[in-house]
Structure formats: structure tokens, C-alpha cells
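Worth knowing before you read on, the calculation uses all heavy atoms, side chains too, and leaves out hydrogens, waters and symmetry mates. Remember, it's 1-based here, ligands and their atoms both numbered in the order they're listed.
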Amino acid sequence: MKRNFLIAIMLLLVTGVVRADEGMWLPFRIKSDVIAQMHQLGFLLDADDIYSSDKPSFNDAVVGLGTEGRPFSHFCTGGLVSDKGLFITNHHCGYGFIQKHSTMQNDYLTDGFWAYDHSQELTNIGLTASIMRRMEDVTEIILEGVTENLSHDVRDSIIKLNILAVEKEAIEGTHYLAKVNPFYNGTEYYLSVYEIFNDVRLVGAPPSAIGKFGGDTDNWVWPRHTGDFAMFRIYAGPDNKPAAYSPDNKPYSPDKFFEINGNSVAENDFTFIMGYPGTTQEYLPSAAIELQKNIQNPIRIQLREMRIETMKRHMEQSQEVRIKYSSKVAGVANAWKKWIGEIQGLDRFDVIYKKQELEKEFENFAASNPKYNEIISDYNTIYSQIIAIAPYQEYYFEGAYQVEIIRFISAFSALAKAEKTVSFEQQENMISRVRSFYKDYYLPIDKIVFEKLMTEFSSNVPIEYQPEQFTKLENRFKNDFKAMSDWLFESSLFTDSTKLITFIDGYTIKKAKTIHKDPLYQLYSGLVDAYNMLLAPKFKSLYQELPPIHKLYMQGLREMQHDKTFFPDANSTFRIAFGKVQGYNPKDAIKYHWRTTIDGIIQKNNPEIYDYDVPKKLLELYANKDFGSYSDATGEVPVCFSATNHTTGGNSGSPVLDANGRLVGLNFDRAWEGVMSDLYYNPEICRNISIDIRYALFIVDKYAGAQNLIDEMSIIK
Ligand code: ARG
Ligand code: GLU
């Protein structure tokens, strides 16, 4: 026993298999997985300070942001910082909500928003805040009745039923919600139990010139100077439990909130991050990386470029268009830029080759483990078939379906197909959908986007995979896509909100004819039918072969590398990552410092460039060195820092905590050279980027004068 242990330690030292920085761990399992390493790196508390199902611990202070109807798909994270339900997250996480509250008169995007008392806080319809209360391994129960020789369908339906039963039992007699997720490619299943709040109000947001400083130019890039934070408050019913919005609701009183470290972090300080990373695919085979790197990413990048260019050009010309499209373009540009960086990182670190080497090793291992024998060749066969048709899917999903009006029309298929009367509520519902779509719609942009995307669609999707309706249009307009869009947008009912609302008002099924005859509706339904009939079955039959192979590969890898502690891929469940505050060397002979300061903001200041136009008030504070208690020993106000925590999308707004579990920052991004970390993590180069909490406090206090919020938090000096 002892000898084995020593050998294991030696192996660790020699192969370095467990790297301190890589991994998104499960808080409920850190006791056995990684707490020893965390302590080695400097963590001063215990595993049950981080997670415990029976005493208040940090898991009770972390908020997963979701939307009504999809509360478990956490798009961002936040951290509670007061006993009155106040939490802090990123500006870009609240961006869509800040945008919805913004008008030409109250342009909170430009000017920021601050509530100086509770009555000024703004309700956000559809925003949910979940707190993870309990997590446990339920693999055995979920796999009850599942035997080797079952068909996949039978197996899946047994698992589904078991999941439903576990989820139901877990919350019996409580107001909680439960979700069972697969981990390690479906070899294990864990249950998460959440308390989910749905009255969440906006408390404060800096102007975009602070919260989004550097804009898309600096996005995914270090060194960074973005004040990416915003504040919200959870409200609860009189019993402190979740309640639908009501003016009578009270600020929620949490079981636990984070104290704030009012001092500086230093290089090599231990940090950890708790939150909801969305998706990683660290265990994919080389063929899958090829698909993403060589096919999907390049096509998506090219198609998104067309949309971004069109939106930005119009936004520059009008404040109204800018307000309408700011949130949309940020979303489109964000993934676009990440994919570019991802390709570069995958190339630079030769990831396909490295994966192929691992696969060779695996095949050797499989030679004496026959059940793993076919895996790599199966992978290669399936992925090569997928690769052959994958481009067409991209021209549908990133192409045609990204025309806003086409997506919008999809909401009308229910009306068009209704067989009974359409109730008054349904009509009202549709009318409010129309209004909210048109609030942020600018037709000239969409028309140009249509022309560009459909031109690409036409030249890249072979005729046999195109809808007939589209081919007819191409012939009719002799491939003049401008003329085609002029006619379609001119003759459709859906491009005129007033006519459309009148049409829905008093809708009876007799009116369905009009929808079916509408040329844009015809194109929309042609696209959907063509994809569903011609391509979807091919993808379905290929993709459904993958899960059992992924599962077996994962199982085999864990056997082959039995001395390594594997972390499961991110899947929007609650995780912890840990590492150190550190800079990196992006290129030969260049070394990046681990932090930035307010001086860098001033250096970037340029009123001519929207992304770098520093607000006057901030310039004044700087000129007067009016930094309050937020500068450090060198007299500088810190702005951002980089560290080695393994994070991904969804980790935005995650509290970044020090060795004592005090808040030192908020995670908001990753550094350019390492964004391939969703597929391949390299500790030399992968860095997460956080805003230093003191910069956020400086803005709240000195810029916004929101002393009420400073007083509410517990800042430890
Ligand atoms: N890259 C960060 C993330 O993935 C920030 C995105 C928001 N900022 C922007 N300029 N679009 O979400
Ligand atoms: N900005 C990302 C988010 O919204 C975090 C950056 C990343 O992908 O790591 O979650």
C-alpha cells in the first residue's frame, strides 16, 4: 500500500500529470480530488468552507445567472457581497438587461446607472439567480437496470426515467429545483439541487466607456483595462424564499456572502474561482479538433465578419441604431474573435498532432484491452463522414438562420399551423413578441445581412441541399440577391410591424392562408424543411453513434492514465478552479506583467475612438489623484490581473477569491494566446483575466458616489 503510494507520488513528480492550473473541479468532491494541492498552493481554509450541504459555506454565496424557462443554463456567475442580497457580476453579463432599460432619454449604456436607494432599482423580467445547495453522486441509481447488452434507445430511456425519479425525490417537500447531469461523457451522473430566485433587480452599472472599455478591440486580450462589473440584488418573499416579482418583496438575506479583501493581490498569490463554466471538450479525439479548427471555425468566422461589419457601420451613424444593436453585435463579435484565437492556439501548440500521439498510445493500450480496440478507427470513420457535409450545416445555421427576420418568423409557425381557435392570450403574446422584436430591429441592416449571407449560402450549399423555394427565387432574380431581398422585404407582411400587429389582432385560423402565402414565410419554412429532410437525418445518424464511443474512450483513458485525477468537462454545473496570480510570455522575448493600473487607461485614452473614450469624470479623478483608499502602496489604482485559473464562458462574473476566501476580483475573460483552452489547456500560456475588486469599489465610490453600496459591503483592510 505504502509502496504503491510512493510510486504514485514519484509518477506524479516525473510526469507532472496533475497540473495545479488545469481543471474545473467539483466542489462536493474536492476533499478527495484536489484539496491537498490547493493547500500546497496556499489555500488556508478547509474543503467544507467551500462546499457543505449542511452548514453555510461559499457555495451559498455564489449565484448562477439564468433565464426564465432555462434556469439551469447558467450564462454567467455572480457573488453575493452583502446581507441584503446584493451581488456583483460582470457588466457584459448584465449588458442585455442594461440595454433593455436604455432609451434615447435614459441611455444607461452610455451613462451608467446607479440606484442610491432600493426604490430606484430596476426589475429584470426573465432573469433568474440560482444558488446551488447540494450536490451528490447518483451514478449508481441512474444506471440501475442498465446492462451491457441493451440497445442504446432502451438504455437511454431507462436512464431518462431514473433521472426523473431522482430529480423528483430530491426536492420533495421543498421549494428547490433539481437537475441530474451526465459527467465524464456519461460514465457518471451527479445531482445538483438549487434554490432559484426570480426577482432580480439592477442596482448599478458603470458607463460602457468603463464597463466595456476597450470594447471588441481589447476583448480576449491581455493587457486589459476593462471595468467589467455590474451590481444586482436578489429579492425574496416575506419568508425569504423565491417569489415572483412584487413591489412587496424584500431584499434576500443570504446564508453566506463574500467579504471583500481591501488590499492588493500580489504575484503568485493563490486564487480560486467558483462558478458555472459552460462547455469544454478537453477529451475530444484529433478528428473532432480537425472538424472544429478546419471546417466549423473558419466558416463561422467568415459569416460573422459580414454581420459584424454591417451592424457596426450602421451603428456608427446613429445613436438609435447603436442602442438597438450594441448588445447583439457584442454577442456576435465575442465568439467570432474567440474562434480566431482558438485556431491560432491549436496551430501553435500542434494540438492535432498531440492528440494523434495520445491516440497512438491509446491504440497500444487497447491492444491488450479488446473492448477499446475499435475506438480510434470508429472516431476517424465517423468524423470523416461528418467533415464531408459539415460545411452545409454551417451555411444553414450561421448563414441563413442568422437573418433576423427569418428567425423572427419562426415564432409564427405555431399560428400558421394552428388547428383550433387562437386564444386572446396567444394573440396578446404574439403582439408583445412583435413589439419586443421591433424595439431592437433595424431593417436596413437585416436586408444587407440577408443579401450577404444568402449569397454565401447559394454558392456553398450544393443545389441538392437547398430548398426549392430558394432555387426558384435565385432563378427569378438571376442570382441578384439585392433585387431578391428588395422584393422579399417589400412584399412580406413580417417586415411591417404595424400591419403585422393589426393582422394578429383578432387572428382566426382563416388568416393562416396569408401566412402560408407570404414570401418570407415560404422561404423560412423552405429552409427548415430542406434542412430537416435533406441534412438532419444524415447528421443524426452520424452524431448518434458518437456518445457511446465518447463514453468508452473516456473510460479507457482513465484506465490508461490511472495515476491522473481527471476533471469532468464543463457542463454549466457548479465548479471550482484554482491557480496563481501570474503573467505570461505571449511570444518570444515578450513578457506580460500580471496586472494593469489606471495609468494604462489614461495611456489608451482617445476621444476619437469609441472604445477608448475615457469619461471626463474619470480623467478628473485621475488628474487630481483622487483615489480614496483604493490605490496601493505604489499609489496606483489596480484595474485588472491575470492568473492561471482554468475558466471558460459562463465563468464570467465568477468571484475570484484569495487564500482566505475573500473576494479579490471578478473573472471576465481569457487571454488571447490561450483561448484554445476549451479544447486543450496549456499551463504556460492559458490565463484568465479578472477585474481587481478595488477598481470596482473605486468606481462605485469615487465615480458614482454610491456610498450606500460601499457601506453595505464588508471590506476588510
Ligand atoms: N470575452 C468575454 C466573454 O467571453 C467578454 C465578452 C464581452 N465583451 C465584448 N467586448 N463583446 O464573455
Ligand atoms: N467572458 C466569458 C464569459 O462570459 C468568460 C471568458 C471565457 O470564455 O473564459 O463567461
Proximal ligand 1 atoms for G215, defined as those under 4.0 Å from one of its heavy atoms: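 Counting from 1, the qualifying ligand atoms are 10 (N).
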Using a 4.0 Å heavy-atom cut-off, which part of [X] comes near ligand 2: side chain, backbone, both, or neither?
X    : answer
H92  : side chain
N334 : neither
F75  : neither
Y276 : neither

Y283 side chain vs N185 backbone, donor-acceptor pair below 3.5 Å: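 Judged by distance alone, no pair lies under 3.5 Å.
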Which residue and atom name correspond to the protein heavy atom nearest [atom], and how close is it?
atom                    : value
atom 12 (O) of ligand 1 : H92 NE2, 3.1 Å
atom 5 (C) of ligand 1  : N219 OD1, 3.4 Å
atom 6 (C) of ligand 1  : N334 OD1, 3.3 Å
atom 2 (C) of ligand 1  : D669 OD1, 3.3 Å

Exercise: do E673 and Y584 side chains pair donor with acceptor under 3.5 Å: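 Present: a donor and an acceptor within the cut-off.
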Close N or O approach (D216, ligand 1; < 3.5 Å):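 Between D216 and ligand 1, an N or O pair is found under 3.5 Å apart.
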Which segment of F668 sits under 4.0 Å of ligand 1 when only heavy atoms are counted: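 Backbone only.
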Region of K212 engaging ligand 1 - heavy atom pairs below 4.0 Å: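 It is the side chain that touches ligand 1; the backbone stays farther off.
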Distance filter under 4.0 Å to S652 heavy atoms, resulting ligand 2 atoms: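 Within the 4.0 Å cut-off of S652, ligand 2 contributes 1 (N), 2 (C), 3 (C), 4 (O), 5 (C), 10 (O).
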Interfacing atoms of ligand 2 (cut-off 4.0 Å, heavy-atom, G650):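 Answer for ligand 2: 3 (C), 10 (O).
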Within 6.0 angstrom of Q302 CD, more than 12 heavy atoms from elsewhere: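 For Q302, atom CD is crowded (more than 12 foreign heavy atoms under 6.0 Å).
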Residue R70 excluded, over 12 heavy atoms near CZ under 6.0 Å: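 No, not enclosed.
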Lys NZ or Arg CZ of K604 over F213 ring: under 6.0 Å, within 45°: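 No; the conditions do not both hold, so K604 does not lie above the ring face of F213.
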Cationic tip of R300 above W339 ring, under 6.0 Å, 45° of axis: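 Judged by the rule, R300 and W339 form a cation-pi pair.
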Salt bridge K355-E290, side-chain N to carboxylate O under 4.0 Å: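 Not counted as a salt bridge, because no side-chain N and carboxylate O are separated by less than 4.0 Å.
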Proximity winner for atom 9 (O) of ligand 2, if only heavy atoms of R670, K338, H646 are counted: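 Nearest heavy atom to atom 9 (O) of ligand 2 lies in R670.
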Ring center gap for Y190 and F28 short of 6.0 angstrom: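 Yes.
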